[in-house]
Undergrad: 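Structure provided below as structure tokens; questions to follow.
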Amino acid sequence: MTISFEGRVAIVTGAGGGLGRAYALELARRGAKVVVNDLGGSRDGTGHSDAALKVVAEIEAAGGEAMSDGGSVTDYDHMVRMVEKAKERWGGVHILINNAGVLRDKSFAKMEMEDFRFVVDVHLNGSANCTKAVWETMREQAYGRILMTASSTGLYGNFGQANYGAAKLGLAGFAKTLALEGQKYNIHVNTIAPTAATRMTEDIFPPALLEKFRPELVAPAALYLVSQDAPTNAILGAGAGVFQAAYVTLTRGVALDEATPEAVAAHWAEITSRDGEIVPQSGAEQAMTIMQRLQGQ
Ligand code: NAI
């Protein structure tokens, strides 16, 4: 079955290049009307350019419909106005892909707090700004598909990216609660952890791999996760045409009669054993498992 976005309005942040551009082009090719947001700065978030306008021109040249927005995701009032403009022109907003991002890599020892805060502000607060700006509209429509962009750094860590990792795992946590709150309004919220050759990773990828890690090979994951039949609450890794699911798991653990640090040390192997591990679907479900352990189950 073909996945179509005919009749859908999508906002893609940071869509002036890299992954966001690939998502915007493919959404438009499949019928969506797309708001291409990008302030067009450099990799570290400084400066401005007309990157968004260029992608709109590409979409229009291919026969699609799009509008550009050159505002920053860190500006909540601007994000509200962007959503209003999309609604005025196209009648609603059905899809939001929070993709805008910056890098300010340094080991934590050398990192200025300004660079920590800036990276968290763009990724985490920026995604919250855009999501808040569309949330009420999606609830009223009883339809919404939202994608957060995490990263392997957020899920598993990476040297020199403490600021980025904090923001990226924050986004996965943000998505998990929104997935629960959105469920009854038919708002599905998922997280993608992409791997692609873009300017963000240009100094990491050996030239031979650049072609294999084209952003276009991540776009299928993003598009599925914002489609009508998308799951909710998923974390999907995607890169070079390889697709993987990531989970936050919980071990069975142990109920200790004498809860002392020594007892925790003595039972470490049992506490961390992955036999019988589960994936709780909410925080409350973890609390339930504590009750079960207390009852000897
Ligand atoms: P990119 O640098 O090509 O794209 C990021 C875009 O966001 C840029 O066009 C930039 O101008 C825009 N942007 C930055 N700050 C903004 C702001 N305040 N408001 C609006 N737009 C802003 O890099 P790439 O790789 O396409 O990154 C896209 C997303 O994927 C980012 O969130 C990134 O952290 C994430 N990611 C990418 C990975 C990769 O392997 N390329 C790995 C893991 C995550």
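Note that ligands are numbered from 1 as they come in the structure, with each ligand's atoms numbered from 1 the same way.
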Undergrad: Between V119 and V102, is there a side-chain heavy-atom distance shorter than 4.5 Å?
TA: yes

Undergrad: Run the numbers for me: atoms of ligand 1, each under 4.0 Å from some heavy atom of G41, listed by number.
TA: 11 (O)

Undergrad: Please verify whether a non-hydrogen atom of R43 lies at under 4.0 Å from ligand 1.
TA: no

Undergrad: So, are D50 and K54 salt-bridged, with charged N and O less than 4.0 Å apart?
TA: yes

Undergrad: Would R81 and E84 pass as an ion pair if we require N to O under 4.0 Å?
TA: no

Undergrad: Check whether any N or O atom of G20, backbone or side chain, sits under 3.5 Å from an N or O atom of ligand 1, and answer yes or no.
TA: no

Undergrad: Please determine if R21 forms a cation-pi arrangement with Y23, meaning its NZ or CZ atom is less than 6.0 Å from the six-membered ring centre and no more than 45° off the ring axis.
TA: no

Undergrad: Inspect the contact between E136 and R139 and indicate whether a charged nitrogen and a carboxylate oxygen are less than 4.0 angstrom apart.
TA: yes

Undergrad: Taking the non-hydrogen atoms of T13, is any one of them nearer than 4.0 angstrom to ligand 1?
TA: no

Undergrad: Can you find a non-hydrogen atom of R21 under 4.0 Å from ligand 1?
TA: no

Undergrad: Take the angle between the ring planes of F205 and F213 and call it parallel below 30°, perpendicular above 60°, tilted in between.
TA: tilted

Undergrad: Distance under 4.0 Å to a non-hydrogen atom of N37: what atoms of ligand 1 satisfy this?
TA: 20 (C), 21 (N)

Undergrad: Do V12 and N37 touch side chain to side chain, with heavy atoms closer than 4.5 Å?
TA: no

Undergrad: For ligand 1, find out whether one of its N or O atoms is nearer than 3.5 Å to an N or O atom of A196.
TA: yes

Undergrad: Any idea which atoms of ligand 1 are less than 4.0 Å away from a heavy-atom of H123?
TA: 32 (O), 34 (O)

Undergrad: When only distance counts, is F205 in polar contact with ligand 1, meaning an N/O pair under 3.5 Å?
TA: no

Undergrad: Return the residue, atom name and 0.1 Å-rounded distance of the protein heavy atom closest to atom 26 (O) of ligand 1.
TA: L19 N, 2.8 Å

Undergrad: Under a heavy-atom criterion of less than 4.0 Å, does F213 contact ligand 1?
TA: no

Undergrad: Which residues end up grouped with I278 if you chain together Ile, Leu, Val, Met, Phe, Trp and Tyr wherever their side-chain heavy atoms are less than 4.5 Å apart?
TA: L250

